[in-house]
Structures are given as C-alpha cells and as structure tokens.
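This report refers to the structure that appears directly beneath it.
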There are 2 protein chains.
Amino acid sequence: MTQRKTPPTINQVAAAAGVTKSSVSRAFTRPEMLSAETVRKIFVAAEQLGYVPNHTARALSTGRHGNLALIVPDVANPFFPPLIRAAQSEADRFDYCVFLGNSDENPQQEDKLIGRFAGQVEGFVLASSRLGDEQIVAHAARRPVVLINRDVEGIPRVLIDSGTGVAEAVAHLAALGHKKLVYVGGPHGSWSNKQRRGAVRRSARELGLEVSVISNEFAAFESGRKITASVLATGATAAIAFDDLTAQGMLAELADLGVSVPSDFAVVGCDDVLGAATYPSLTTVSNRSVEAGKAALSLLIDILQNQAIRDVRYVLKTNLVIRKTTGPAKG
Amino acid sequence: MTQRKTPPTINQVAAAAGVTKSSVSRAFTRPEMLSAETVRKIFVAAEQLGYVPNHTARALSTGRHGNLALIVPDVANPFFPPLIRAAQSEADRFDYCVFLGNSDENPQQEDKLIGRFAGQVEGFVLASSRLGDEQIVAHAARRPVVLINRDVEGIPRVLIDSGTGVAEAVAHLAALGHKKLVYVGGPHGSWSNKQRRGAVRRSARELGLEVSVISNEFAAFESGRKITASVLATGATAAIAFDDLTAQGMLAELADLGVSVPSDFAVVGCDDVLGAATYPSLTTVSNRSVEAGKAALSLLIDILQNQAIRDVRYVLKTNLVIRKTTGPAKG
DNA sequence: GCTTGACATGCAACCGGTTGCATTAAATAG
DNA sequence: CTATTTAATGCAACCGGTTGCATGTCAAGC
C-alpha cells in the first residue's frame, strides 16, 4: 500500500511565492487586481508545486459548486444516452460537472437521488420525471430545476412534440396512395403514446384515411414481432408504430413472412433511436432528444448565471425522416 | 423572480436546541457519544428547521466527499449504458453519488475531465480508457482508480475477456466448414480490439484456418457498411467483427449487395448489445458489461473503505451466443 | 512640498461543518 | 466523605479557500 501525498494548499503556494494567500486566491480568480509581476511569481510557484485550487473549499465559501445533476428514468433506454451525451457536452462548455442519476422509473428513488445531490449541485435537469407535480414544484422552490418531457406550469421545461412528425408521416403515406393505416400502440400510461395515437387519428380523418389501432403494451423488438400478424390481418397497407423498437421487430417478422418492405407493406417508426441501422433503413419520426438535452442544460445554466427564474416552455417540433421502409401503396 | 431562502445551518439548529454546534454535529455523526435526551432535542430542532448537513462543508473538513466518477468514451455507444446503470445502482447501495464523464474517445478530453472531477471525488472508474499507461498510473498515484477493459499492471482492473467467446466463435465457424475468415477491427487504442484480434489469430492457427485482418478505426454501423466490400474481396466465407454495430452495418450492406446471410456469408458480432434485434438475428459474443460495471464499482468502494490499494485483476469470461447469421460454409 | 487618489497587497472574518482536548457534573471506588 | 473515573458537552482550532476593508506606496495635482 502506497501513501498518497496530500495536494499542496494555497498557503504553501503563498509561502513559496512570498505573498499572502489572498494574493494567491486573487491570482486565480481576479488576476487583473494584481500586478503582472506578482501574478507571474504566483503562477510559477503554483506550477512548481502542482497546485490546483481546492474545488470543495471554493464551493464552501462561494456557494457555487459548478455541479449539476441530470436524472433520467433509465440510462439503458436508448432514448436517453444521446440526450445525456448532449447535456454533458453542453455542461462541459461551461465547465460544469454533471452527476447522473438513474431513477429506475421509481418516484421514491428519484426523490432520494435529488436529496443526495441537493447539497452539492446548483441545479437539476429532470428528464421524463416520474415525480408528482407537487414534488417537482417543491424541489424547484429550493434549487433551479429544468424539466424535459414534463409539462408543469411555472417550471422551465423542454418538450418534444411528436405530434407534428406523426402528422407528417400520415400525410406522407397518404401522398403515396395508402388508404388504410394501422397505429401500433405503446405503454398504456405513456403521455407520448396518447399524443401519437391522437395525432394519427386526427390527421387520418383530415385526409380521409381509414385507421385502426392495435394496442401493444410493451414497446420492444419481440412484441413488435408478435403483433405483426394482427397488423397484417387488418388489411392495412401501412403501419405507424409507437417506437422504433416495435417497428424493428415488425420488420424482422415481415421479412420472415416473406412480405417485402416497402413494396408490399410500409412501416414507420417513432423516436429515431436506431438511426439508419435497420434493414431496410427505417422511416421514422425524429426524436430531437439531443436538442432537448442541450436546450435543457443551457436553459439551466442561463438561469444559474442570471439568477432569474423564468417560466419557459420550449417546444421542439419533430418531423418525418424518410428512409426506406415507406413507398407507394401496392396496386 | 422568487428569492430562494438559504438553508438552515448547524448553528441555527444548535441555538434552537440550546446546545453548541459540536453537539449537533455529533448528533448526526456519532450519536452514541451524546445522551439520548440531547440527541432527541437536536433532532426535533433539526426536523423543525428542515436542517440537512451541508455536504460541502463536511467534505472540506473530513476529506470524504462521498462522490465517485465514472468516465466512458461514449455514453451513446450501446455497450456503455447498461454498464453505467449497473455501476450507478451499486454506488447507490453505498450512498455514493456518481459523476459521469464522456471523453468522446479523446485522451485530452479524458484528462481534462479527470482534472475537473479530481477535487471532489474519492475515486475513479475509467471504462475503456483512451489514456496512455503512464497517465493512468499518474492519476492512480493521486486517487484510487479502477479500470474496466484496460490492463495496466498494479492498477485494479476488471477485464471482460472476449477471447474465450471469440475462440468459441472461431471453433464454431470451423465446425461449420469455414476455411477462411476475416477479422474486422476496431479503434486503434482499444485493448479489447487487440485482445479480440489476437484470439482470432490464435484459434485460427490452432484449427488450421486462414485469417485476414481488416482495420477499421471507427466502430459503427456506417463504417461496417463501408468496409464490407473489402471484406468480401478477401475471399473469406465468414467474418468476425470487432463489435455488433460494425456487424450490423455489414449485414445491411450484404443485403444490399444481394449476398445472403448465412447461406452465402457468415457474420459474427461481439458484445451482444443488440440482442436479437438485427435481421437475421446476430450470432455474437456475450458482453457481461453489467457485471463489469458492478464489479468495478464495488472494487472501488472496497478500496476506499479499507484504505488499501490492492493489485486486483478480475477477469470475466465470455461465450458465444449462436443466433442466425452463421451457418454451414458454402459449397 | 503637501495632499489626494489610485493601485497593489495584507489582514482577518467567514463559509459550515468536524474533532482533539478541556471542563464539568455525576457515578463509582476506597 | 473525599478521590478517581467516566460520561456528556463545550471550546477553539482547523479544513482551504474568498472577500470587504485597512494599510501602505507611489505618482499626479495644486
């Protein structure tokens, strides 16, 4: 076992440079207050000792930790990693460190995490929070909070509106001559599912298309496979799925059944989490999770820097990404 | 703009309870030193004021922040989210908070992040670090470090040995009658890539198969597509790819080229990040990233709690998961 | 030549806890 | 009943910085 040596403190640098610690502190925070010569001396001494200001001590006296927390329901859900990454790199630009919390879709866990982080972060980004509105409001009263995909009055929030993209998808299919569609649903309690289903129905009515809806509680590859037979049984020529994973499962099953896509049947996904990585590459609705992560972070940083709590409601429209699973209706 | 009120301090609680702050401090850290009555009084006062010990102040005087950092090359690479999640929940069990860092596959960025975190974490987990050995050793001299998929003497590490699974893959292909293989590589600095390439070569030699190696710096769907032509040009009948994404890109390109899998050409992935969600479903090597994340975290916590730096080398064996992209060699 | 600033630096309090040692009161021993 | 532990609490220094105010120096202004 090796003994790790304790890092140099501001006092040691001060002694080495022949000044007091106030000057060392200033050299690092407001060098314009000091003579160029003094600053130089201090930097030389600091460099030589390998001094780095102690983050914790600084946070204690200034009250600014330079930390943020990002809490998501499930890191492993492919919707989140790109969002996390975008948030990270935005935080990075402003020299903030970010704590990541995984609530496991559990409100208690989410609350616990917020409590753990609270003492050492300047603000929170809660993505798809599972907390009740009152709890969110309570936390926001203590520290700045920005929400993603959660619409609470008075709390700054970034919302991804999948309705616009879904409407485009319906219009796209109509233009290709499809007359009958199926919407393959997602989780019962999902706000997105409700929003998407509604958008399909509304657009279809406007364009005079027929729509059937198939429920499918678990949005995943396997359930997409299983639901495919009943999708075909509706007699529709195109399907819009709740998400990409479901759509991907349908593609696999359709291939097994010898139904070729898009010539025999068209498929549209939602969330664009797979990129072009399906075969054929999937026509889908963009998700904008990257922008959402970035926007939420910069909103939070803006609030922190201006000490202002603003009621922002930032809506990101989505659009259709046309790839290769949609084409002219058969016949 | 609302004014957030500053949280109560230890002094306010002390005043309210009619004791000094030492006692309040002890009530929260070593209550057995105080009389039951005093502890009760203090808790009542604390409860009433909504007092929570200030994490930062505590960290400053004790030197223990209760924070850890986990740095990965790319959060959005599907290999990492499950690992991150497992690490998180392990940290959670011990009340540690975890900072997540994304190095963007860039050693400079990785170094910068480590520096940013250094002041406020007790230790690091570096997953698939892109740093040089010397840099890793230097950081480890300052703070406890545990590595994942990086083999540096003297630094505790958790290694996913894909060699065993890759060897099984080669044997599997040999048994199916394949005589000539290609290994499609991954990132230059990747330890896993070196290990996999070596395992393919060794097993092939033992079984009398011919192997060619194609380098491919960026492991991703698109680069898998691009490399496919040169893979076919080698005249091999089967490919083992550095990872599933590369393999998936190859599948898409092979389908476009009219080469059917597995009857015309066999493909094996690595890391099993896609499950059965490719078409055809991919034969691949299991990844064990969940165990790796969990093991690394508990190793780190163990080191922190016992103040001991041990030279641990924890190896996780992998195996082949046979699905539908491998079959008998043609002709 | 003396006053008045402006500028550079030092002094000391403060951020909110923790902790070794001193103090006091109560309990046990002799 | 006094001497000695022992248990409970207070005192004050310390963790490593930041910052308002005081001090000192030197140059410009009159």
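Protein chains get the first letters and strands the later ones, always in sequence-line order, with residue 1 at the start of each.
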Whole-Å distance between [N] [atom2] and [X] [atom1]?
X: Lys21(B); N: dC11(D); atom1: NZ; atom2: P; result: 11 Å
X: Lys41(B); N: dG10(D); atom1: NZ; atom2: C1'; result: 13 Å
X: Gln12(B); N: dC15(C); atom1: CD; atom2: P; result: 11 Å
X: Arg64(B); N: dG17(C); atom1: CZ; atom2: C1'; result: 16 Å
X: Asn54(B); N: dC15(D); atom1: CG; atom2: P; result: 18 Å
X: Leu60(A); N: dC15(C); atom1: CG; atom2: C1'; result: 4 Å
X: Arg30(B); N: dT18(C); atom1: CZ; atom2: C1'; result: 9 Å
X: Glu32(A); N: dA6(C); atom1: CD; atom2: P; result: 18 Å

- Look at the side-chain N and O atoms of Ser25(A) and state whether any lies under 4.0 Å from the OP1 or OP2 oxygen of dG16(D).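 No, no such contact exists.
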- Task: Return no unless some side-chain N or O of Ser61(A) is found under 4.0 Å from OP1 or OP2 of dT18(D).
- Result: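 Answer no for this pair, as no side-chain N or O of Ser61(A) is under 4.0 Å from OP1 or OP2.
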- Minimal non-hydrogen separation, Thr56(B) against Leu60(A), with atom names: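 Smallest heavy-atom distance, with atoms named: CG2-N, 3.8 Å.
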- Would you tell me whether Asp151(B) and Gln195(B) have side-chain atoms, one donor and one acceptor, within less than 3.5 Å of each other?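 No, no side-chain donor-acceptor pair sits under 3.5 Å.
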I want to verify a distance call: between [options], whose nearest atom is closest to the [X] side chain?
X: Arg58(B); options: dG17(C), dA8(C), dG16(D); value: dG17(C)
X: Ile10(B); options: dT9(D), dG16(D), dG17(C); value: dG17(C)
X: Thr62(B); options: dT18(C), dG16(D), dA12(D); value: dT18(C)

- Message: Tell me whether Arg288(A) is salt-bridged to Asp161(A), with the criterion being a basic N under 4.0 Å from an acidic carboxylate O.
- Response: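 Asp161(A) and Arg288(A): not salt-bridged.
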- Would you call Glu90(A)-Arg93(A) a salt bridge at under 4.0 Å N-O?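 Counted as a salt bridge, because a side-chain N and a carboxylate O are separated by less than 4.0 Å.
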- Taking Arg116(B) for its side chain and Cys97(A) for its backbone only, find out whether a donor-acceptor pair lies under 3.5 Å. no
- Where the side chain of Gln88(A) meets the backbone of Leu100(B), is there a donor-acceptor pair that is under 3.5 Å apart?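 Yes, because the side chain of Gln88(A) sits within donor-acceptor range (under 3.5 Å) of the backbone of Leu100(B).
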- Item | Heavy-atom side-chain proximity of Pro156(B) to Tyr314(B) below 4.5 angstrom |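 Of all side-chain heavy-atom pairs linking Tyr314(B) with Pro156(B), none is under 4.5 Å.
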What does the list of N/O pairs under 3.5 Å between the protein and nucleotides 21-27 of chain D look like, with a distance for each?
none

Sugar-phosphate, base or nothing in reach of [X], heavy atoms under 4.0 Å:
X: Thr56(A); result: nothing
X: Tyr51(B); result: sugar-phosphate
X: Val24(A); result: nothing

- Whichever of Ser23(B) and Ala36(A) has the more 5' nearest nucleotide on DNA chain C, that residue is Ala36(A)
- Considering heavy-atom distances to DNA chain D, does Ala57(B) or Val19(B) have its closest nucleotide positioned more toward the 5' end?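 First, find each residue's nearest nucleotide; the 5'-ward one identifies Val19(B).
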- Spatial distance of atom CD1 (Ile42(A)) from atom OG1 (Thr38(A)) [nearest 0.5 Å]: 6.0 Å
- Query: Can you find a donor-acceptor N/O pair under 3.5 angstrom joining the side chain of Ser22(B) to the base of dC11(D)?
  - Reply: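 Yes.
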